[in-house]
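Report on the structure given below.
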Amino acid sequence: MIALIDCNSFYASCEQVFRPDLQNKPVVVLSNNDGCIIAANKQAKALTNIPMFQPIFKIKKILDANNVVCFSSNYTLYSDMSRRVMDTLKNFSHIVEEYSIDESFIDLSLYNEKDLETVAINIKETVYKNTGIPVGVGIAKTKSLAKMANKFAKKHIENDNVYVVNTEEKRKHLLQNSKVKDIWGVGKKHAVRIENTGCKTALDFANMEVAWVRKQMTVIGERLWRELNGLPCLEMITIPKPKKAIGTAKSFGYKLTDYRLIEEACSYYVAEVADLLRQQKSVATQIQVFLTTNYHSEYDKQYQQSITITLSSPTNSTIKLTQQALTGLKKIYKTGFRYKKVGVNLLHLVSEDQVQLNLFNVDHKITSKKITDTIDILNSKFGKNKVKLATVGNREKQWALIKEQRSPRFTTQWDELMTIGKK
DNA sequence: TCTGGGGTCCTAGGACCC
DNA sequence: TCTGGGGTCCTAGGACCC
């Protein structure tokens, strides 16, 4: 049996852990640049007209009228809280798959099946006691059913955030009471196609002809169909696979026209992704740079362009990647536009030790590696970005994201610890 | 004025090879 | 009317997830 544990309104819950005064109050967390809502707690969700992913300026009035507390996103805090939750889960099973920042699958086959209800409640209570984060638990024979059981448990309050599918009756009850669009892996497009055949519930889908499913939804759909019928097709992935691509693309805090500033932002992003690349001990064979104006704007002239450069030899050197990225950026940049976003993608990543050495730049490679290693060591000792390339610039980041309401990084910064009582 | 960001997997079709 | 057959690699695009 597999359990899916999912944190309730994770980002908002993280904020509330350190702000007990916000218990039972509506709380939302905003995206980068404070652009739109990416998380809302129960109380905020209960207010109608707070749709997720809506630009904040459209619903500002509703937020204010209801005294909704808004936070800028604070990923440093959320990552650390996530680690605490995951550590707690490891006490319940040795087979844990960290599926995302706020959910995990864990294998419970060592437990007696009739005890699972108790185990589920125990997991929920222990995580809350250790971290302050409320979670939901869904348990079933397959990942897809566990995922749906979890969602079902949250939706129907009488389940108190726990649902265990340990009988055929409960499987049918779960699927009968879930809509097609609630099936994990069925998005908008497939939901329409499925419903057009007359299916209304997840159970109807599970009873469809598998040939139709295969044809319309490929092998992914067939796996899902089997999983809903109790046949496990998705394995537990306990060792995270190295990423095949690493990218970043963030909107600027302000529209940019100045090439120099865009270049600084681009260099900064290259340093970020190159760092992640080295952490997973990979090298990139291609780098892609793209630049775009604000496509939402009706006034601005629109322009977007991207360029993909194949590197002469695969690398994870910030220096080399920056050189290539800026060469690319120069090619696609055109004057006369107000730019909104620049992005960098590292593509076709391969393991460091699988690289085919290019005979002709061995020397260069080694020198470059020494510099990169030294920069990494210094930065891990003295703090992120203390040592950087000159192209990143040293002035205030005029392109930086807007984060007006970020909470303190309570758990990772000594100077941002919580204070109690008078100073 | 203000509209997120980072991924995965699969398939079809083109280019190319023998 | 008939129009080889088998294969690989790559890319773009679709669909989905959190």
Side-chain angles (χ1 to χ4, degrees), chain A residues 4-11 28-40 51-61 63 70-73 75 78-79 82 97-105 143-144 147-148 150-151 180-194 213-224 233-235 237 240-255 269 272-273 276-277 280 285-286 288 290 292-300 306 308 310 338 340-349 401-404:
Chain A
L4 186 267
I5 295 101
D6 176 313
C7 302
N8 300 351
S9 320
F10 182 57
Y11 297 168
V28 299
V29 176
L30 310 178
S31 65
N32 284 327
N33 284 320
D34 294 346
C36 57
I37 295 178
I38 53 169
M52 301 283 266
F53 302 103
Q54 273 293 298
I56 195 95
F57 72 94
K58 281 192 182 167
I59 52 169
K60 187 104 181 61
K61 277 186 186 157
L63 296 177
C70 300
F71 287 95
S72 303
S73 37
Y75 288 102
Y78 310 150
S79 310
S82 170
E97 173 180 343
E98 290 187 22
Y99 183 72
S100 76
I101 192 165
D102 72 337
E103 36 187 305
S104 263
F105 288 103
K143 279 180 161 183
S144 306
K147 180 83 185 173
M148 289 187 68
N150 178 294
K151 190 168 186 174
V180 169
K181 67 175 173 51
D182 292 332
I183 302 171
W184 184 45
V186 172
K188 267 189 193 150
K189 296 279 165 73
H190 284 326
V192 172
R193 273 179 226 165
I194 295 166
V213 176
R214 173 73 189 217
K215 184 136 190 254
Q216 298 292 321
M217 300 170 66
T218 78
V219 62
I220 297 180
E222 180 170 343
R223 267 185 221 136
L224 175 61
C233 296
L234 305 173
E235 287 179 0
I237 303 167
K241 293 183 188 151
K243 296 213 162 59
K244 294 174 180 171
I246 297 177
T248 190
K250 291 169 203 142
S251 300
F252 304 126
Y254 308 90
K255 300 291 176 306
Y269 295 160
E272 274 188 340
V273 290
L276 294 172
L277 184 66
Q280 73 163 35
T285 55
Q286 283 190 323
Q288 181 179 59
F290 64 90
T292 143
T293 51
N294 179 11
Y295 58 88
H296 292 293
S297 170
E298 290 171 15
Y299 327 100
D300 288 322
S306 83
T308 306
T310 301
R338 297 170 73 231
K340 172 72 180 160
K341 187 193 276 184
V342 70
V344 180
N345 289 316
L346 304 178
L347 307 169
H348 294 131
L349 311 185
L401 309 169
I402 300 167
K403 282 181 186 268
E404 284 184 345

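Residue numbering restarts at 1 for every chain, and letters A, B, ... go by the order of the sequence lines.
- Nucleotide dT8(B) holds its C1' atom 12 Å from the CZ atom of Arg223(A), rounded to whole Å.
- The side chain of Ile38(A) lies closest to dG4(B) when the candidates are dC17(C), dT3(B), dG4(B).
- Nearest nucleotide to the Lys341(A) side chain, out of dG5(B), dC17(C), dT3(B): dG5(B).
- Residue Phe10(A) is classed as having no contact, given no heavy-atom separation below 4.0 Å to the nucleic acid.
- In this structure a side-chain-to-backbone donor-acceptor pair under 3.5 Å is missing from Thr310(A) to Gln286(A).
- For Lys241(A), the side-chain atoms get nearest to dC9(B) when compared with the rest of dC16(C), dC9(B), dC10(B).
- Distance from the side chain of Lys243(A) is smallest for dG7(B) among the nucleotides dG7(B), dA15(C), dT3(B).
- At whole-Å resolution of the value, CG in Asp102(A) and P in dG5(B) are 19 Å apart.
- With Asn33(A) contributing its side chain and Ser251(A) its backbone, the two residues share a donor-acceptor pair below 3.5 Å.
- Base-pair partner of dG14(B): dC9(C) (Watson-Crick or G-U wobble, both distances under 3.5 Å).
- Of the listed nucleotides (dG4(B), dG7(B), dC9(B)), dG4(B) has the atom at the smallest distance from the side chain of Ser31(A).
- A straight line from NZ of Lys151(A) to P of dC18(C) spans 8 Å, rounded to a whole angstrom.
- When heavy atoms are screened at a 4.0 angstrom cut-off, Lys188(A) is found touching the sugar-phosphate backbone but no base atom.
- Whole-Å rounding puts the Gln288(A) CD to dA12(C) P distance at 9 Å.
- Going from atom CD1 of Ile56(A) over to atom P of dG4(B) covers 12 Å, rounded to whole Å.
- Of the residues near DNA chain B, Ser297(A) and Ile220(A), the one whose nearest nucleotide (by heavy atom distance) lies more toward the 5' end is Ser297(A).
- Among the nucleotides dT8(B), dC10(B), dC18(C), the one closest to any side-chain atom of Glu103(A) is dC18(C).
- Between the NZ atom of Lys340(A) and the P atom of dG5(B) there is a distance of 8 Å, given to the nearest Å.
- A donor-acceptor contact shorter than 3.5 Å is absent between the side chain of Ser144(A) and the backbone of Leu224(A).
- The side chain of Lys189(A) lies closest to dC16(C), out of dT1(B), dC10(B), dC16(C).
- Rounded to whole angstrom, the span from the NE2 atom of His296(A) across to the P atom of dT3(B) amounts to 7 Å.
- Under a 3.5 Å cut-off, the side chain of Ser73(A) and the backbone N or O of Leu30(A) do form a donor-acceptor pair.
- Within 4.0 Å of Asn294(A), counting heavy atoms only, lie sugar-phosphate atoms of the nucleic acid but no base atom.
- Residue Tyr269(A) contributes atom OH, which lies 8 Å from atom P of dG6(B) at whole-angstrom precision.
- Distances shown here put a side-chain N or O of Lys244(A) below 4.0 Å from the OP1 or OP2 atom of dC9(B).
- Checked against dG7(B), dG4(B), dC10(B), the side chain of Ser251(A) finds its nearest nucleotide in dG4(B).
- The main-chain N or O of Phe10(A) is never found under 3.5 Å from a side-chain atom of Asp102(A) such that the two would form a donor-acceptor pair.
- The shortest distance between the side-chain N/O atoms of Tyr299(A) and the OP1/OP2 oxygens of dT1(B) is below 4.0 Å.
- Contact annotation for Tyr295(A): no contact, since no heavy-atom pair falls under 4.0 Å across all strands.
- Using C1' as the reference atom, dC17(B) and dG4(C) are 14 Å apart when rounded to the nearest Å.
- With hydrogens and angles disregarded, no donor-acceptor distance shorter than 3.5 Å links the side chain of Ser72(A) to the backbone of Asp34(A).
- A heavy-atom distance below 4.5 Å is found between the side chains of Phe252(A) and Val342(A).
- Out of dG6(B), dT3(B), dC10(B), the shortest distance to the side chain of Lys250(A) is found at dG6(B).
- You'll find that the side chain of Lys147(A) is closest to dC18(C), out of dG5(B), dC16(C), dC18(C).
- Heavy-atom nearest nucleotides on DNA chain B were determined for Arg338(A) and for Thr218(A), and the one closer to the 5' end corresponds to Arg338(A).
- Contact annotation: Thr248(A) reaches the phosphate of dG6(B) (side-chain N/O to OP1 or OP2, under 4.0 Å).
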